[in-house]
Amino acid sequence: MQGSCSVLIYGSGRLARLVGVECVRLGHVVTLAGRHRGRVQACANEVGADGFLVATPADAVSAASQFVPIVVINTAGPYAETAPPLIDAATGAGIHYLDAANEPRALDAAFAAHDKALSAGVSILPGLGFGVAVAEAVAVEALHQCPTATELRLVFTAGGSSSSSPGGRASAMTLLAAGPMMIRDGRRTRAWRGVRRHGSLRREYLVPLLSGDPVALQHSLAIPNITAFFRLPLASLPILLVAPLASWVLRVPWFRRQLSRARKPSAVAPVTVRTVQGVATSPDGRCVQVSRSARGGVEVAARLLLAGLRVIISGAAQPGVRTPHQTFTTRELQRLLD
């Protein structure tokens, strides 16, 4: 495939707008889809899309059959809910699929569809967002310096202002509701307690949570022991106690609508700085530490999704499931994150 193509973008948030505007500028035929008519229509009008659809993730691909999309770009969180049905529908219809997911269930659905994608001759490119991409970039650099490493510890820190979407907040609550977990000897296991950070015992706490980063790294780099720590202020630890209830509440459409109305997107894009520290450890005790920071998580996700789309259009994408590290060269991935 070369030149322009037909793209179905599922979602109507800021990420959908960033990706949609660029797709239209490049001359692609763009269709927006989502569950809420008002939001999808507004987003389609703003980006200059060729059309829009009101459909659930399970029905969006069949509803878009008249547009004959060759690529589905999923920008709608929580991805744990939207990715599995979209992946199933896209691969069943012989359509390529991309998303910016960073949730275990979404990544699991992608990897489980590998054989189906191979048979259909299509590519599934999950995790094209800041989390998985930067985690892989840090891990690759650490393993280059410590190739015998069998353990990787990641520490995620976010700073600056934020105005996350209801879907993004629902994703975060789903992650918290699962409780502290890690990967040990290739298996997911409970991690019953976090670790206070040395030198700041009263201010923050490192909580091991199983996000999509360890799931992706386990598949792409075959590291048997992975722990992803998220830095939380000590005062916010009660969130872990109410997260299961909050996660359930956010699954109810009425509560999601109320949350959306309570917090409208700002006209000015928030400034977000995210840092990932990675420590690779070999069996003989050798440790290598690597750190990377990036500004603007949504902008990074948009660049990665558009880069993944270019790979597919160029015909360079291999059939099956590929993470960011497996989709781009190391140099390309570093450039996209800078």
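Only a predicted model underlies this, so the values are computations on that prediction, with no experimental measurement involved.
Looking only at distances, no side-chain donor or acceptor of R39 sits under 3.5 Å from a matching main-chain atom of S12. Judged by distance alone, the side chain of D99 and the main-chain N or O of G127 form a donor-acceptor pair under 3.5 Å. Within the 3.5 Å criterion, the main-chain N or O of V122 finds no donor-acceptor partner in the side chain of H96. Within the 3.5 Å criterion, the main-chain N or O of G129 finds no donor-acceptor partner in the side chain of N102. Formation of a donor-acceptor pair under 3.5 Å by the H28 side chain with backbone atoms of C23 is not found in this model. Between the side chain of Q277 and the backbone N or O of S291 there is no donor-acceptor pair closer than 3.5 Å. A donor-acceptor contact shorter than 3.5 Å links the side chain of T82 to the backbone of A76. Judged by distance alone, the side chain of T31 and the main-chain N or O of G51 form no donor-acceptor pair under 3.5 Å.
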For this session: Any chance you could lay out the side chain to side chain donor-acceptor pair (under 3.5 Å) test for E136 and T323, step after step, and finish with the verdict?
Result: CA-CA 9 Å; E136 288 191 316; T323 66; 2.7 Å; yes
For this session: Please report the C-alpha distance between Q318 and S123 in whole Å, then the side-chain angles of each, then the deciding distance to 0.1 Å, and finally whether the side chain to side chain donor-acceptor pair (under 3.5 Å) criterion is met.
Result: CA-CA 6 Å; Q318 305 248 345; S123 299; over 6 Å; no
For this session: Please step through side chain to side chain donor-acceptor pair (under 3.5 Å) for the pair T56 and D59, ending with a clear verdict.
Result: CA-CA 5 Å; T56 65; D59 298 330; 3.2 Å; yes
For this session: Check step by step if salt bridge (charged side-chain N to carboxylate O under 4.0 Å, His left out) holds for R303 and D338.
Result: CA-CA 10 Å; R303 287 202 303 269; D338 288 336; over 6 Å; no
For this session: Start with the C-alpha gap between I183 and L210, add the side-chain angles, then the distance that decides, and say whether side-chain contact (heavy atoms from CB on, under 4.5 Å) holds.
Result: CA-CA 8 Å; I183 295 176; L210 189 69; 3.9 Å; yes
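H219 is linked by a ring pair (Phe, Tyr, Trp, His ring centres under 6.0 Å) to F111, counting only residues two or more places apart in sequence or in another chain. Taking the side chain to side chain donor-acceptor pair (under 3.5 Å) definition, one finds that T329 meets it with E332, sequence neighbours left out.
Interatomic distance, L306 CG to I73 CD1, rounded to the nearest 0.5 Å: 6.5 Å. Rounded to the nearest 0.5 angstrom, L337 CG and L304 CG are separated by 6.0 Å. Distance check: L206 CG to T157 OG1 gives 8.0 Å after rounding to the nearest 0.5 Å.
Taking all atoms of both residues into account, the shortest heavy-atom contact from C43 to R17 is SG-CG, 3.6 Å. Contact record, A106 with A83: CB-CB, 3.7 Å, taken as the closest heavy-atom pair. Residues Y79 and P84 approach most closely at O-CD, 3.5 Å, considering heavy atoms.
Checking T91, D88, N74 one by one against Y97, the side chain to side chain donor-acceptor pair (under 3.5 Å) holds for a single residue, N74.
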Donor-acceptor contacts under 3.5 Å from residues 137-152 side chains, at least two apart:
from, atom 1, to, atom 2, distance (Å)
E151, OE2, R184, NH2, 3.4

